[in-house]
Amino acid sequence: MTGAQILIECLEREGVEIMFGYPGGVVLPIFDRLYDSKIRFILTRHEQGAAHAADGYARATGKVGVCLATSGPGATNLTTGIANAYMDSIPMVAITGQVKTFLIGNDAFQEADVTGITRSISKHNFLVKEVKDLARVIREAFHIASTGRPGPVVIDIPVDVQQAECDFIWPQEVSIRGYKPTMFGHAGQIKKATRLIAESKKPILYIGGGVITSGAHLEVKELAETIQAPVTMTMMGLGAFPGTHELSLGMLGMHGTAYANHATMESDLIIAIGARFDDRVTGRVSAFAPHAKIIHIDIDPTSISKTVEVDIPIVGDAKNILCQLLKEIKKKPNTNKWLQQVHEWKARHPLRYAHHDDKIKPQFVIEQIYEATRGEAIITTEVGQNQMWSCQWYKYTNPRSFISSGGLGTMGFGLPAAMGVKLGCPDKTVFDIAGDGSIQMNIQELMTAVCNKIPVKIAILNNGYLGMVRQWQELFYKKRYSSTKLCNPDFVKVAESYGAVGMRVANPKDVRAAIEKAIEIDNTVLIDFIVEEEENVYPMVPAGEAINRMIGGMA
Amino acid sequence: MKHTISVLVENKFGVLARIAGLFSARGYNISSLAVAETFEQDISHMTIVVDAQDEKILEQIKKQLNRLIDVIMVVDFTKKEHSERELILSKVNYSAKNKAKLKALLDKYQAKIIQCKDETAVIEFSGEQQEIKQLVHELEQFGVKELVKTGRIAIAS
Ligand SMILES: Cc1ncc(C[n+]2csc(CCOP(=O)(O)OP(=O)(O)O)c2C)c(N)n1
Ligand SMILES: [Mg+2]
């Protein structure tokens, strides 16, 4: 078989049903094989879109997302998407063509050192120099991408390797001596953890994306209910615990709820599960949760005691460890008083915004999407205020229902990601909650959505600004709005010219009807919501402050 | 504080770049690096000496080294019993006038001359950091023209 044949055969055996990408000179042999393959190939309009779509597909389904691009500019266009998947630990395999092996390093046409460029933004990468290695490399790539702490793996394949022939041998199993993720928690550590839990008076669960990755949401719920501890989530953890549950505190951190931040700061025991104490969560590290002992459950040892020193690290898979832990818990803490206190915070500092009769408040749009979809849609977001409001005003009850660029904060993620989500979960309503700035970073993917009949819904919260940056300028740079006022196209016409349905809504009274209509239409729909221009996201913890030092009159 | 870190890795292209990248990304300078194949051809051994400005960051780097797929094992020798050596080659002036004195010095250190040409001697010596420092210091009186070192290697005792 040729290298290209081996590649497609391996992808099929790995269970790949769908791929995203863009062709070019040095991947022609692969595209020729794809022509006859049962793998569905989605031609995006930009390689970045392909990477984000593969990423969105992976986030929604838990399967490995696959994207493919040509060498040089194709590969460099993928890199933002690879970095994005890396920061959020998303299983992805990115395949790039490379110039002929003997030309590598010669500044050949469309040559880029892909393994060099992606070294620090991927979990691992391979340059395949001999066709005999190809099957093993693909097998290893899928294994590495999807196990342990998942992440993107890049496979760079020179065109002559795609054309070279060799016998196809499918490696039955993968064994990499330097890669053996720890799956179960250390029994001694788990014992110690149960002791701390029993002694605690103000415990809190702080959960992140790792809970979703390991499928530990039911165990988290059981733990929370067993020990009667409130639960706060990172942005990546939204949906891992039902936002409607009485023990839910919603998101914590810079734009978290006031009650989540107060509870975290006052707690005497933080049980961190699959979360990494990101600086958007901790605020000023030296002031973070001063009274709390910390139990940290994570599969990646490098996440432990990285920014915040923890008392009891437990390395391993969250689901396994929680099962072990739940069996060991005999004595439960009494948290009545603590829950009462939490309840008071909730009552005193709810999330709020001032409704307006004539002007659409962006928060109102999201609330309406929540109601119209009965909380059952999958939401993707762009980056900025639209993203933070989506965290605050939609209550996620299921894992994998909130899909957003966390670690990298990539504007332009939401639309291509929504396509990947919709292809992975065709029965779900998928909304991309967008900003007027972000949507223009990958707006060309409207064509991909229309052309491939991927009926995603886009709700632009059109405030005429790079809103989040403007908010910082308002608060910290004396309202000097340097390069944040946007000049926008007519989004309705843009949608229509791509063959999508476009709607504009400027009156609060029309919001709900537009959303319902969009859900019903079996096509890609873009709604341009003209919203209050200078609305801010509150509460807000200024950078470098303790997380209970929130600003915002409404908090 | 200087740390001597020993790393077993897959003997493949790109591995060195990955490892060096973890240090360089933080602006950490590697003081010395020695790499060679082990008994097993497909495994290489690296001894890395690095000056840690911040122990916590070094701890993080070690964890990240361990996380690399191509890294098989990481050992920090700093607080462990171990033997370490470094080999140096040095060119010094070698004239009839100072011959006897140089010979005496080299005997004291059990260093040797491996080549002589045009009034220049190439000296070979292996030892611990402190001894090397002392020898080089004492050689200075003869005029050191060139000095190369292999970088430290270490083995657990
Ligand atoms: C690719 C990229 N470039 C720049 C930024 C910095 N940034 C963060 S939010 C933001 C403004 C986003 O504007 P918009 O999409 O209109 O969203 P809004 O905040 O107005 O809801 C910018 C520029 C980023 N996150 N990503
Ligand atoms: Mg905007």
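The model shown is predicted, which means the values in this text are computed figures rather than measured ones. Labels below follow one simple rule: chain letters A, B, ... track the order of the sequence lines, proteins then strands, and each chain is numbered from 1.
- Heavy-atom neighbours of B/Lys99 NZ from other residues, nucleotides or ligands within 6.0 Å: at or below the threshold of 12.
- Of all heavy-atom pairs between A/Leu127 and B/Phe13, the closest is O-CZ, 3.6 Å.
- Neither the backbone nor the side chain of B/Lys62 comes within less than 4.5 Å of any heavy atom in chain A.
- Proximity to chain B (any heavy atom under 4.5 Å) is restricted, for A/Lys129, to the side chain, taken from C-beta onward.
- At a 4.5 Å heavy-atom cutoff, the contact between B/Arg67 and chain A is made by side-chain atoms alone.
- Within the 4.5 angstrom heavy-atom criterion, no atom of B/Leu8 approaches chain A.
- A 6.0 Å sphere centred on CD1 of B/Ile114 holds more than 12 heavy atoms belonging to other residues, nucleotides or ligands.
- Atom CD1 of B/Ile113 has more than 12 heavy atoms from other residues, nucleotides or ligands within 6.0 Å.
- The 12-atom threshold is not exceeded at NZ of B/Lys149, counting heavy atoms of other residues, nucleotides or ligands nearer than 6.0 Å.
- A salt bridge is defined here as a Lys NZ or Arg NE, NH1 or NH2 lying under 4.0 Å from an Asp or Glu carboxylate O, and A/Arg177 with B/Asp42 meets this definition.
- B/Lys63 places a side-chain N or O within 3.5 Å of a backbone atom of A/Ile304 that can act as its donor or acceptor partner.
- Here the CD1 atom belonging to A/Ile176 is positioned 11.5 Å from the CD1 atom belonging to B/Ile72, to the nearest 0.5 angstrom.
- The structure places CD1 of B/Ile69 at 7.5 Å from CZ of A/Phe126, a figure rounded to the nearest 0.5 Å.
- Both the backbone and the side chain of A/Asn125 come within less than 4.5 Å of a heavy atom of chain B.
- Judged by distance alone, the side chain of B/Gln60 and the main-chain N or O of A/Lys306 form no donor-acceptor pair under 3.5 Å.
- The number of heavy atoms from other shown groups lying within 6.0 Å of NZ (B/Lys12) is above 12.
- Neither the backbone nor the side chain of A/Ser303 comes within less than 4.5 Å of any heavy atom of chain B.
- Across B/Gln64, B/Glu10, B/Glu59, the residue that shares the most heavy-atom pairs under 4.5 angstrom with chain A is B/Glu10.
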Open item on the list: Working note: A/His124 + B/Leu68, criterion side chain to side chain contact (heavy atoms under 4.5 Å, CB included); need CA distance, chi angles, decisive distance, verdict.
Closed with: CA-CA 8 Å; A/His124 196 56; B/Leu68 292 175; over 6 Å; no
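- When the shell of 6.0 Å around CD1 of B/Ile5 is examined, it contains more than 12 heavy atoms from other residues, nucleotides or ligands.
- The number of heavy-atom neighbours closer than 6.0 Å to NE2 of B/His3, taken from other residues, nucleotides and ligands shown, is above 12.
- Per-residue heavy-atom pair counts under 4.5 Å with chain B were compared for A/Pro181, A/Pro301, A/Ser120, A/Ser305, and the maximum is reached by A/Pro301.
- Few gaps surround CZ on B/Arg152; more than 12 heavy atoms of other groups in view lie less than 6.0 Å from it.
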